[in-house]
Each structure stands twice: as structure tokens, then as C-alpha cells.
Asks: 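The following block contains the structure, expressed as C-alpha cells.
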Protein chains: 2
Amino acid sequence: MGGFMKKDETLDEAAIRVLHNLTGIRNIYMEQLYAFSNTERDPVERTISVPYYALINIQEHNEELNEEHSAQWFSLKDFPRLIFDHNEMVGRAIRRLRYRASIMPIGFELLPEKFTMRQLRKLYEAIMDQSLDKRNFINKVNSLDILMKLEEKETEGSKKGSYLYRFDKDKYDSKIVEGFQFKI
Amino acid sequence: MGGFMKKDETLDEAAIRVLHNLTGIRNIYMEQLYAFSNTERDPVERTISVPYYALINIQEHNEELNEEHSAQWFSLKDFPRLIFDHNEMVGRAIRRLRYRASIMPIGFELLPEKFTMRQLRKLYEAIMDQSLDKRNFINKVNSLDILMKLEEKETEGSKKGSYLYRFDKDKYDSKIVEGFQFKI
DNA sequence: ACAAAAGTGTTTCCTATACACCCATGC
DNA sequence: GCATGGGTGTATAGGAAACACTTTTGT
């Protein structure tokens, strides 16, 4: 998905506008990737593209995307060939996301406000494209001490029901001030 | 330092050309940083800047820079206020360099072909802005097994003289093929 | 003689990893 | 009763960090 920037807006603003026009989505995590400037990259006219990647919560936005904007989801394991250098952009986005998710609590953007440990683990397994040991993952996350364990249980995905957690942004922010380094 | 890109060149090519025009330097490590696009960043006209950072070997290029191009070196600990958002660009370059140098053998770009362990350590101390234990650093570097220890000794910096090393690019490349991950 | 840098190993601690069984519930 | 996912702790290995003294030689 792309568009042209206007004279009176920044690249960030243009990216936000374009995403909104094409998907109806606003106020989500977006990050500039890299300026692509090969002279031959667009056969029609000379174009420099500055792609952004966004983290879209599939649970929150699925209907909106599919029904109102005819957008589709593709698995990273099996996505189509894109025009121009857009496959390279996707590759760059994946690498950036992996790096960011390993040093910032960026993954939480992709989960509902309340989530289970399993959801969090499955998300990181998807981002990193590797399976993670259940116990080690929980130990690691707990040792970070930036989640609130809620009283509630979620019973959709399992018979027993599993505790819900919430990312404690205040706690995280105050830890950051004290020099805490997120690392997963 | 900056310049405007031409219609028939890429950003990489423009960055290389501008650096060469201003310093006479060619064929060095350069990397694109980030596209800066605030609408007010340049008060004269709307400008989007895509800065690059370069690794310039101070030993090799000092005279060239100072005498032929009136360029100057500034310490990162005490550098002047720059115009527009250029201080932000420098900050971004430092962070990027720290990251790159920790996962790629990029630091060697800044050393002469033959260098002492002390020089390598001092370089990493400068990049990371922290002191590094002499023995631990040597053990770590040796465990990477990507340097050739030469017979020659360097006697300029010390009475005793210290062994010179050379980065073994062939060995490094073949290790990379085998899945080796540089980490320092 | 002494100043300045080179060179050299071991111990300790901490983090990462590997690993298996019982629990609660819906069907 | 059985299938499904939830929940829990420990032992081991490997890497990171701390640490001090002797050697060489120019002055």
C-alpha cells in the first residue's frame, strides 16, 4: 500500500494518512523503515519511497480491514510476490520488527489489552519464527516484572481457563527511568 | 555536511558523491540513517534530508581533511551545536554505530590494516563510551577467532612493543557462512 | 631506577537452557 | 474418562565479569 506525500506534511503524517485512507486504522505503532531510491525501481516515473511498517492488532481490526476496505492478511511464511522492491521492504520490516521486539515491549501492541501468557508466547514465536519453551518464557517474562496478573481468567481457548495479564506501562516507564533494559 | 541529490542518482550515490566532493574521500563504509521530514526543519525551503554516516579512518585521512578541505574533527563528548536538526542526526548516527559495531565487525573500518589490541580496545571504548577490561576484551576478541596475529611488533606507543593483528576477512566470511554470529 | 604499556588465567556469578508431571475442565 | 491446554521448579552449562602481577625497554 502506498501513496504520495503532500507538501505540508511530514513523512510520518503522510504514512499515517495513507494507512488511514486505505484501512480506516489510526493511532497504532508505526515506524519508518528506510528510503528506497533506485533510479529504476518504478518503471513509470522516478520515485523515492520511504516505507513504514505498522503493527495492526488482528483481533481489533479484522472486520474493518476485510469488509470495509477489502484488505487481506497474508502469512509471512507464504506471502505473494509484490511489485517493485516491495518484497525487500517487507524483509526489512521483519528484521526491524524482530530487533525492536527483542529490546522494546513492542509486541504488546499486537495483543488485546488483556492477554494470556500463551498469547504472548505465541506472538513472540511468530515474530521470531522459532518456538520458545513454555516455562522458560514465563520465567523470563515474570522476571521482567512489567506485567500485572489479573484476577480474571480467560476460558475461550482452554477448558481450565488461564489468567489474564495486562502490560503495566507505568511500571515499565518508571523502570526505564531507573535504567532498566527490556530484553527478551 | 550536505548536498542535493540529482535526478539520475540514488541516495547512496548522492551520499558518496557529496562526501567525496567535500572531503576527497571515497570507498569507505557509509550507511543511510533515517529520512528527516519536518515541514519546518529548514526555514528557507521545504527540504527532506536523508543523512548518512560514514566511518573515516582518522590516521589515513587526517591531512587530506584538514589541509585540503578545511574539515575538522570534533569529539563526540564536546561537539558544537549544529544547524537545523543535525544534532539529532548525529545522535541517531551514534546509536546506530553502537548497534552495528556490536553485531558486525564494523569497528575494523576505523583502524589501520594492522593494529594492536590496545588500539582495537580503545576504539570500542570510544564507540561504546565505556571502559572495557583489558583481559576480558582480549579473551573475547580471541574467542571470536577472526584476527590474524602477526609476527611484527609495533613500538611507537610503548617501550615493550606490542603484537600487530590483522582482521582476517576470509576467515570471517567463511565463519558467517557456517552460521557464526559476531557479537562483542 | 622507574615509568609505561604489554601480556597473561582463574574464579565467581549470573543467565540461558533443558526438561516432566499434575491440574482443571468441557465434552 | 479423556483430551486439551494451564501451571509450575530445578539442575546444568556456558558466558560475562572481576581481578593482579610480571615482563620489557626507553628514558
Side-chain angles (χ1 to χ4, degrees), chain A residues 59 98-99 101-103 107 111-112 114-166 175 179-184, chain B residues 59 98-99 101-103 105 107 111-112 114-166 175 178-184:
Chain A
Q59 288 96 350
R98 282 185 186 146
Y99 172 58
S102 73
I103 60 160
L111 290 173
K114 303 171 183 180
F115 51 85
T116 65
M117 275 291 177
R118 182 187 180 79
Q119 288 176 303
L120 183 60
R121 179 165 53 87
K122 289 294 177 190
L123 172 64
Y124 268 85
E125 287 182 343
I127 292 174
M128 299 306 178
D129 193 26
Q130 59 176 291
S131 68
L132 301 169
D133 180 86
K134 180 168 60 161
R135 276 174 295 186
N136 289 342
F137 183 80
I138 291 173
N139 289 341
K140 179 77 158 280
V141 171
N142 281 335
S143 76
L144 294 175
D145 188 29
I146 52 173
L147 295 188
M148 291 167 55
K149 187 173 189 172
L150 307 178
E151 298 294 316
E152 301 171 72
K153 287 200 163 191
E154 192 270 357
T155 50
E156 299 250 328
S158 75
K159 327 274 187 185
K160 185 178 174 181
S162 66
Y163 284 105
L164 287 165
Y165 291 80
R166 183 203 302 272
K175 279 179 164 254
F180 169 76
Q181 175 82 355
F182 182 92
K183 194 105 202 307
I184 207 164
Chain B
Q59 287 96 350
R98 283 187 185 144
Y99 172 59
S102 73
I103 61 159
L111 291 172
K114 302 172 184 179
F115 50 85
T116 66
M117 274 292 177
R118 181 186 181 78
Q119 289 175 303
L120 183 61
R121 181 164 53 87
K122 290 293 178 192
L123 172 65
Y124 268 85
E125 288 182 344
I127 292 175
M128 299 304 177
D129 192 26
Q130 60 177 291
S131 69
L132 301 169
D133 179 86
K134 180 167 63 158
R135 276 175 295 186
N136 288 342
F137 183 81
I138 292 173
N139 289 344
K140 180 75 159 279
V141 170
N142 281 336
S143 77
L144 293 175
D145 189 28
I146 52 173
L147 296 188
M148 291 168 54
K149 188 174 189 170
L150 306 178
E151 298 294 315
E152 300 171 73
K153 286 202 166 194
E154 192 270 357
T155 50
E156 299 251 328
S158 77
K159 327 275 188 185
K160 188 177 172 181
S162 67
Y163 283 105
L164 288 164
Y165 291 80
R166 183 203 303 270
K175 278 177 165 259
E178 295 161 19
F180 168 77
Q181 176 81 356
F182 182 92
K183 194 103 202 309
I184 206 163

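Bear in mind the structure is a predicted one, so any value in this text is a computation, not a measurement. Below, chain A is the first sequence line, B the second, and so on; all start at residue 1.
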Asks: Assign the ring pair A:Y165 / A:F115 to parallel, tilted or perpendicular, where the plane angle (0 to 90°) is split at 30° and 60°.
Replies: parallel
Asks: Calculate the interatomic distance between B:N136 atom CG and C:dT10 atom P; express it in whole Å.
Replies: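 Roughly 14 Å, once rounded to whole Å.
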Asks: Provide, to the nearest angstrom, the distance between the CG atom belonging to A:N139 and the C1' atom belonging to C:dC19.
Replies: 12 Å
Asks: Do A:E125 and A:K122 meet the salt-bridge criterion of a basic N to acidic O distance under 4.0 Å?
Replies: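 Counted as a salt bridge, because a side-chain N and a carboxylate O are separated by less than 4.0 Å.
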Asks: Return the value, rounded to whole Å, for the distance between atom NZ of B:K153 and atom P of D:dT23.
Replies: 14 Å
Asks: In whole Å, what is the span from the CZ atom of B:F137 to the C1' atom of C:dT8?
Replies: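 In whole Å, C:dT8 C1' and B:F137 CZ are 16 Å from each other.
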Asks: For A:R135 and D:dG6, give me the distance from atom CZ to atom P, rounded to whole Å.
Replies: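 Interatomic distance, CZ of A:R135 to P of D:dG6: 14 Å.
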Asks: What pair of heavy atoms forms the shortest contact from B:R166 to B:L150, and how long is it?
Replies: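 For B:R166 and B:L150, the tightest heavy-atom pair comes out as NE-CD2, 4.2 Å.
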Asks: Please state how far atom CG in A:N142 lies from atom C1' in C:dT15, giving the value in whole angstrom units.
Replies: 16 Å
Asks: Which of the following nucleotides, D:dC19, C:dA24, C:dT17, is nearest to the side chain of A:K160?
Replies: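 The answer is C:dA24.
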Asks: Roughly, in whole Å, what's the span from NZ in A:K140 to P in C:dC19?
Replies: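 Taking NZ of A:K140 and P of C:dC19, I get 18 Å after rounding.
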Asks: Would you mind telling me which residue lines up with the more 5' stretch of DNA chain C, A:D133 or A:K159, judged by nearest nucleotide?
Replies: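 Its nucleotide being nearer the 5' end, the pick is A:D133.
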Asks: With respect to the side chain of B:K134, which nucleotide from C:dG7, D:dA16, D:dG5 is positioned closest?
Replies: C:dG7
Asks: Roughly how many Å is it from OH in B:Y163 to C1' in C:dT8, rounded to a whole number?
Replies: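 Atom OH in B:Y163 sits about 13 Å away from atom C1' in C:dT8.
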Asks: Taking all atoms of both residues into account, what is the closest heavy-atom pair of B:S162 and B:T116, and its distance?
Replies: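 Minimum heavy-atom contact is OG-CG2, 3.1 Å.
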Asks: Specify the residue among A:G157 and A:I138 whose closest nucleotide of DNA chain D lies further upstream toward the 5′ end.
Replies: A:G157
